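Here is the structure we will look at, set down as structure tokens.
The sequence lines fix the lettering, A, B, ..., with proteins before strands; numbering per chain opens at 1. The model shown is predicted, which means the values in this text are computed figures rather than measured ones.
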Protein chains: 2
Amino acid sequence: MGRRSDHSREELQAMIIEATLTLVRDRGADKVTARQIATAVGYTPGMLYSVFINLQDIFLHVNEIGLRTLHALCAEAVSENATPEEAIKAMGLAYLRFAGTHTHQFDLMFTRSIQQPEMPPPGLDNQIRTLFELVEFQLRRLNASATDEEVHLGARALWSGVHGTAALRLSDQLYLDAPDADRDIVELLVTSFVQYWRA
Amino acid sequence: MGRRSDHSREELQAMIIEATLTLVRDRGADKVTARQIATAVGYTPGMLYSVFINLQDIFLHVNEIGLRTLHALCAEAVSENATPEEAIKAMGLAYLRFAGTHTHQFDLMFTRSIQQPEMPPPGLDNQIRTLFELVEFQLRRLNASATDEEVHLGARALWSGVHGTAALRLSDQLYLDAPDADRDIVELLVTSFVQYWRA
DNA sequence: CATGAAATTGAACAATGTTTAATAAAAAGG
DNA sequence: CCTTTTTATTAAACATTGTTCAATTTCATG
């Protein structure tokens with residue numbers, strides 16, 4: 001059969017990404033196949049390649065969504081009149097919570113083998129940067145006399161800790177006594193860094 | 001052809017792991033195929049399955065080596081008469097250096113999709129624990145009045161930071177100005193935490 | 001109504017991990 | 001030293017994978 005034209009190109013693109021997202025959420029990215037995605041949207045595998053370059057390209061677009069929601073969750077986590085320290089803690093815990101609830105998605109976003117794509121979807125980098133900026137903003141509030149470079153570095157140090165906690169916990173490599181001790185780790189990390197940052 | 005018996009079972013196991021290790025080092029784990037390993041050791045792919053359960057099993061044994069060298073490098077990095085802070089810094093930088101030089105190996109060890117193996121090779125867990133113990137030892141030296149639980153948590157907080165830095169840097173998600181600013185991050189992380197830990 | 005363009009398919013391709021019956025060689029037994 | 005048994009290894013097959021592309025069917029246009 002030829003053209004069905006039930007859907008425009010953009011609709012198809014959205015459907016594919018949406019379908020892939022739910023498949024990833026259910027079974028994890030490495031169990032998601034092109035044929036699964038195709039049947040999920042009611043087409044044949046070949047069609048996918050008229051909309052995307054390849055599977056990796058689709059996953060990249062799925063990650064774009066993941067980063068958006070992760071950013072939103074972190075931003076929402078800080079309450080109106082929170083101190084900078086509270087804000088950073090809240091964001092760190094939100095990050096951790098996302099990793100715990102959207103396990104497979106987080107896995108696809110971060111703990112996947114390293115191979116830079118030919119043409120990364122625009123705005124993917126900037127979105128990660130935006131995440132850092134949330135922390136940078138609070139660090140500035142906390143210490144107005146810090147230089148740009150100090151803020152830049154501080155945010156990355158702090159966030160490396162949060163990310164590392166989430167990543168190691170996800171792969172069960174933290175060897176914690178209590179099951180939710182990862183939250184304690186993030187709080188400890190933030191407390192100690194903020195105390196240093198103030199001085 | 002039937003039995004060649006050029007090599008004992010243990011020899012074969014060692015050869016396979018060794019061959020896989022160099023293949024991983026060269027091209028990265030996801031580009032290593034069963035047939036490549038087989039030809040590297042001068043056999044056919046089927047033979048691998050009389051020694052190991054499957055490919056993942058082989059990779060797990062490769063990781064055992066990786067963890068051993070990583071541990072060794074961290075342990076060696078602390079000089080004889082170093083202060084605890086210097087020691088931790090040195091270990092953190094060694095960790096970072098390993099991630100940079102043994103990129104694909106580090107990738108296989110940590111930033112790989114999460115799926116617990118049926119039968120993890122014995123001693124793999126304990127080896128990660130041993131890495132933490134290196135840090136715990138220094139934290140104890142630094143503050144003798146800390147409880148076991150505090151030391152446990154502190155070491156994990158500190159190491160999450162180091163690991164997170166290495167992991168994010170490897171996937172180019174730190175967005176650093178200077179190429180070796182990751183070292184600065186680790187130093188900042190250690191300095192700030194140690195200062196908090198002392199008090 | 002016919003012609004063209006375009007979307008979608010279906011079937012193929014090469015490569016993957018893994019299984020298994022056949023086979024070659026060594027070991028054991030007489 | 002020949003025969004038998006055991007065992008290591010292979011060769012070939014299998015099901016799936018991502019990806020490509022000529023063929024086909026449908027829509028839009030003249």
Side-chain angles (χ1 to χ4, degrees), chain A residues 1-21 23-24 26-63 104 108 112-113 115-119, chain B residues 1-17 19-21 23-24 26-63 104 108 112-113 115-119 121:
Chain A
M1 309 135 203
R3 160 199 317 189
R4 305 178 16 165
S5 117
D6 295 339
H7 309 283
S8 74
R9 183 115 297 180
E10 290 81 15
E11 281 175 326
L12 277 182
Q13 174 165 347
M15 289 167 60
I16 293 173
I17 295 177
E18 170 70 21
T20 307
L21 174 59
L23 283 172
V24 167
D26 287 6
R27 40 198 100 172
D30 36 55
K31 300 222 168 311
V32 173
T33 74
R35 294 181 226 281
Q36 284 174 6
I37 302 175
T39 51
V41 295
Y43 284 81
T44 44
M47 185 271 284
L48 304 177
Y49 295 85
S50 71
V51 183
F52 292 98
I53 304 171
N54 51 25
L55 260 195
Q56 212 212 120
D57 187 25
I58 299 181
F59 284 136
L60 245 38
H61 281 80
V62 168
N63 277 350
H104 291 302
L108 177 60
R112 234 45 195 341
S113 130
Q115 35 184 338
Q116 255 58 336
E118 314 288 313
M119 236 282 285
Chain B
M1 310 128 202
R3 156 196 325 189
R4 305 180 14 168
S5 118
D6 295 338
H7 308 283
S8 74
R9 182 114 297 178
E10 290 80 16
E11 282 177 326
L12 276 182
Q13 175 164 347
M15 288 167 61
I16 293 173
I17 295 177
T20 308
L21 175 58
L23 282 173
V24 166
D26 287 6
R27 41 198 100 174
D30 35 54
K31 301 223 168 313
V32 173
T33 73
R35 296 185 223 288
Q36 285 174 5
I37 302 174
T39 51
V41 295
Y43 284 80
T44 44
M47 187 271 284
L48 303 178
Y49 294 84
S50 69
V51 183
F52 293 98
I53 305 172
N54 49 29
L55 260 196
Q56 210 212 121
D57 188 26
I58 300 180
F59 284 135
L60 245 37
H61 281 81
V62 168
N63 277 349
H104 292 301
L108 178 60
R112 236 36 198 344
S113 125
Q115 36 185 334
Q116 255 56 336
E118 315 287 313
M119 237 281 286

State which of [options] makes the closest approach to the side chain of [X].
X: B:Tyr43; options: D:dT19, D:dT9, C:dT16; result: D:dT9
X: B:Leu55; options: D:dT10, C:dT8, C:dG17; result: C:dG17
X: B:Ala34; options: C:dT8, C:dG17, D:dT10; result: C:dG17

Measure from [atom1] on [X] to [atom2] on [N] and round the result to the nearest Å.
X: B:Ile58; N: C:dG17; atom1: CD1; atom2: C1'; result: 11 Å
X: A:Asp6; N: C:dT8; atom1: CG; atom2: P; result: 8 Å
X: A:Asn54; N: C:dA14; atom1: CG; atom2: C1'; result: 17 Å
X: B:Ile37; N: C:dT18; atom1: CD1; atom2: C1'; result: 13 Å
X: A:Phe59; N: D:dG18; atom1: CZ; atom2: C1'; result: 11 Å
X: B:His7; N: C:dA26; atom1: NE2; atom2: C1'; result: 16 Å
X: B:Gln56; N: C:dT16; atom1: CD; atom2: C1'; result: 16 Å
X: B:Lys31; N: C:dT16; atom1: NZ; atom2: P; result: 11 Å

Determine the contact category for A:Leu12: base if any of its heavy atoms lies under 4.0 Å from a base atom, sugar-phosphate if only primed atoms, P, OP1 or OP2 are that close, otherwise nothing.
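Sugar-phosphate, backbone atoms only, no base.
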Looking at side-chain heavy atoms only, is the closest gap between [X] and [Y] below 4.5 Å?
X: A:Phe52; Y: A:Leu60; result: no
X: A:Val41; Y: A:Leu12; result: no
X: A:Leu55; Y: A:Val32; result: no

Between A:Val32 and A:Met47, which has a closest nucleotide on DNA chain D that is more 5'?
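The residue whose closest nucleotide sits nearer the 5' end is A:Val32.
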Nearest heavy atom decides the nucleotide; on that basis, is B:Arg35 or A:Gln36 closer to the 5' end of DNA chain D?
B:Arg35
Member of B:Asp30, B:Leu23, B:Val24 meeting the side chain to side chain contact (heavy atoms under 4.5 Å, CB included) criterion with B:His104:
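Of the listed residues B:Asp30, B:Leu23, B:Val24, the side chain to side chain contact (heavy atoms under 4.5 Å, CB included) partner of B:His104 is B:Val24.
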Qualifying residue for side chain to side chain contact (heavy atoms under 4.5 Å, CB included) with B:Leu48, from B:Ile16, B:Asp57, B:Thr20
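Passing option: B:Ile16.
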So, is A:Tyr49 near the phosphate of D:dT20, with a side-chain N or O under 4.0 Å from OP1 or OP2?
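For D:dT20, OP1/OP2 do not have a side-chain N/O of A:Tyr49 under 4.0 Å.
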